[in-house]
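One structure is given below, encoded as structure tokens.
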Amino acid sequence: MKKNTQTVFYVLLLFILSRLLLTFAACVYNYMTQGYAKTWDLLYKFDALWYVDIAENGYQSVPNSVTGYANYAFYPFYPMVLRFVKSFLPDRFTTNQIGILVSNLCTLAAGWIAVVTVRTKSPKDDGYFIAFLIFFAPHTIYFSMTYTEAMFLMFTACFFYFCCKKRFFAAAIAAFFAAFTRIAGVFLVFSLLLYMYEADYGWQFNRSNLAGFIKSIFVNPLRLLGLLLCPLGIFGYFYYLYRLVGDVWASAHIQVAWHTSYHGVLRTLFYNLLDSGSGTSSQYWALYALFGILLFAYLCYKKEFAAAVFGILAVGISLRTDAIAVARYIMGNFAVYLALYMLLRNRPLAKNVAANVCILVTGLMYYMWFAGECYFIF
């Protein structure tokens, strides 16, 4: 009990310090511009407007005739939560403020779950550094605003925690909500399969083990139900889209309104590295994607295959079309934090350097976001 209380205290302290950094950046921005903008208004940009619109008005059945945009490109669970919470709070709270509150609570929960997850894997570690990374790493600005990244990270952290505990049905429930929040969550079903296999046979692959594992799925109803449950959230949304616009894949098809697809991960990386991709940040996005891929390769090296597979598939789905915004998809992926933690935990000097760089870069990114200089942050 005492250890749990101590864990909550230190994680909460790190979280508060990270939000003080955000507040400090907002104060500096207001001082430099001689203005007074509230922090929640400074954070209210881009996709946040879409989620607020969905929470307040629901989904539209016809794309905008001028831009071609439609809000059904965004997945439903997060705006559903905002609408639910808003129904209990006084009217003076705006939907954006509620979104910021929900995202920050999800971030705090994700930090705590991450700590107990790495302690499950490595009982001798205190694990606080992974919470630090979640609160301070570059591109974690999205965990502070009305975006889905924080909620998605929380559900995926829950998934990996339950898998480490071999509570696979609970992990499947977490995967269900992750997929209901972002499409990448559907790939957790493959990680669940790998965790189940590891629990039964380690990483010894042969015909006999594979046959026995497949049989175990069908003779164990909870295993089969869990595997079916993982993608159910996203399939439910697809059915809703079919009823709304007559297209099961409408959320994917509408993406062409935002950017042109390169139709392949390697083509996306190639064209963006040549700086011929979308926007002025193409090379940055492509390099960040390579950074993420290297981290997932490191997870494979450490035999964390379930986390690596999820990371590769989740990032790969975004690179199928373009590299735009891939940095936030990578930093919203729990597998990245596992990889960074494992890479740095026994390297005190590298850990200290990384911590200082995270604080400086994240503070700068906060300021740049407020100033509208979001070319490489987006």
Side-chain angles (χ1 to χ4, degrees), residues 4-48 85 89 92-94 96-116 118 126-154 157 327-328 331-332 334 336-337 340-341 344 348 351-374 376-378:
N4 289 336
T5 303
Q6 185 183 60
T7 301
V8 171
F9 172 77
Y10 282 119
V11 171
L12 181 60
L13 178 62
L14 286 171
F15 176 77
I16 292 171
L17 290 173
S18 70
R19 270 46 195 169
L20 287 176
L21 177 62
L22 170 65
T23 305
F24 175 74
C27 291
V28 171
Y29 170 76
N30 280 323
Y31 175 79
M32 296 297 291
T33 59
Q34 297 183 342
Y36 179 72
K38 295 180 174 63
T39 306
W40 53 76
D41 291 329
L42 292 172
L43 292 170
Y44 189 44
K45 297 179 182 179
F46 304 119
D47 288 2
V85 174
L89 294 178
R92 67 175 179 270
F93 289 97
T94 67
N96 178 53
Q97 290 171 336
I98 293 169
I100 290 172
L101 173 64
V102 169
S103 291
N104 276 276
L105 290 175
C106 289
T107 303
L108 178 59
W112 177 75
I113 296 164
V115 170
V116 296
V118 297
D126 60 40
Y128 295 125
F129 187 63
I130 195 170
F132 172 88
L133 291 171
I134 288 172
F135 299 152
F136 283 97
H139 295 284
T140 55
I141 182 174
Y142 296 97
F143 300 162
S144 307
M145 61 180 76
T146 310
Y147 273 60
T148 58
E149 270 71 15
M151 181 174 283
F152 182 72
L153 183 72
M154 179 187 69
R328 69 181 171 99
M331 298 312 296
F334 187 69
V336 167
Y337 297 98
L340 288 171
Y341 178 80
L344 296 172
K351 185 189 293 188
N352 288 334
V353 171
N356 284 287
V357 169
C358 283
I359 293 170
L360 292 173
V361 172
T362 298
L364 177 63
M365 284 187 170
Y366 284 145
Y367 182 88
M368 293 181 68
W369 180 273
F370 300 150
E373 299 171 3
C374 309
F376 72 90
I377 302 175
F378 182 79

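- What you find for V361 and P138 is that their closest heavy atoms are CG1-CG, 3.9 Å.
- Two residues are said to be in side-chain contact when any heavy atoms from C-beta on lie closer than 4.5 Å; Q97 and L101 fail this criterion.
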Candidate pair F129 and V118, rule side-chain contact (heavy atoms from CB on, under 4.5 Å), full reasoning: CA-CA 10 Å; F129 187 63; V118 297; over 6 Å; no

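- Of all non-hydrogen atoms in G111 and V11, the two that sit nearest each other are C-CG1, 4.1 Å.
- The side-chain heavy atoms of R19 and S144, taken from C-beta on, include a pair separated by under 4.5 Å.
- Between T7 and Y128 there is a side-chain heavy-atom pair separated by less than 4.5 Å.
- Of the inter-residue distances, the one linking D41 atom CG with I100 atom CD1 reads 8.0 Å to the nearest 0.5 angstrom.
- Remark: the backbone N or O of W40 is paired with a side-chain donor or acceptor of N96 at under 3.5 angstrom.
- Here the side chains of I141 and T362 are not in contact, with every heavy-atom distance at 4.5 Å or above.
- Contact between C358 and A137 at its shortest, heavy atoms only, is SG-CA, 3.9 Å.
- Looking only at distances, a side-chain donor or acceptor of Y337 sits under 3.5 Å from a matching main-chain atom of M331.
- Screening F24, Y366, F370 against Y29 for a side-chain contact (heavy atoms from CB on, under 4.5 Å) leaves a single residue, F370.
- For OH of Y367, the number of neighbouring non-hydrogen atoms (other residues, nucleotides, ligands) closer than 6.0 Å is greater than 12.
- One N or O on the side chain of Y147 and one on the backbone of D47 form a donor-acceptor pair closer than 3.5 Å.
- Atom CZ of F9 sits about 5.5 Å away from atom CG of L13, to the nearest 0.5 Å.
- Minimum interatomic distance between T39 and A26 (heavy atoms only, all atoms of both residues): OG1-CB, 3.6 Å.
- The closest side-chain heavy-atom distance from W112 to V116 is below 4.5 Å.
- Atom CD in E149 sits 8.5 Å away from atom OG in S103 (nearest 0.5 Å).
- Separating the CG atom in L42 from the CG atom in N30 is a distance of 6.0 Å, to the nearest 0.5 Å.
- With ring centers used as reference points, F46 lies under 6.0 Å from W369.
- Contact between L153 and A110 at its shortest, heavy atoms only, is CD2-CB, 4.0 Å.
- Taking CG from L89 and CD1 from I98, the interatomic distance works out to 5.0 Å, rounded to the nearest 0.5 Å.
- Partner F135 forms a side-chain contact (heavy atoms from CB on, under 4.5 Å) with one of T140, T107, L21, L22 and no other, that one being T107.
- Residues M154 and F334 fail the side-chain proximity criterion, which asks for heavy atoms closer than 4.5 Å.
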Verdict with supporting geometry, L43 and T146, side-chain contact (heavy atoms from CB on, under 4.5 Å): CA-CA 8 Å; L43 292 170; T146 310; over 6 Å; no

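- For the side-chain contact (heavy atoms from CB on, under 4.5 Å) with S18, the lone residue among F136, F132, F143 that qualifies is F136.
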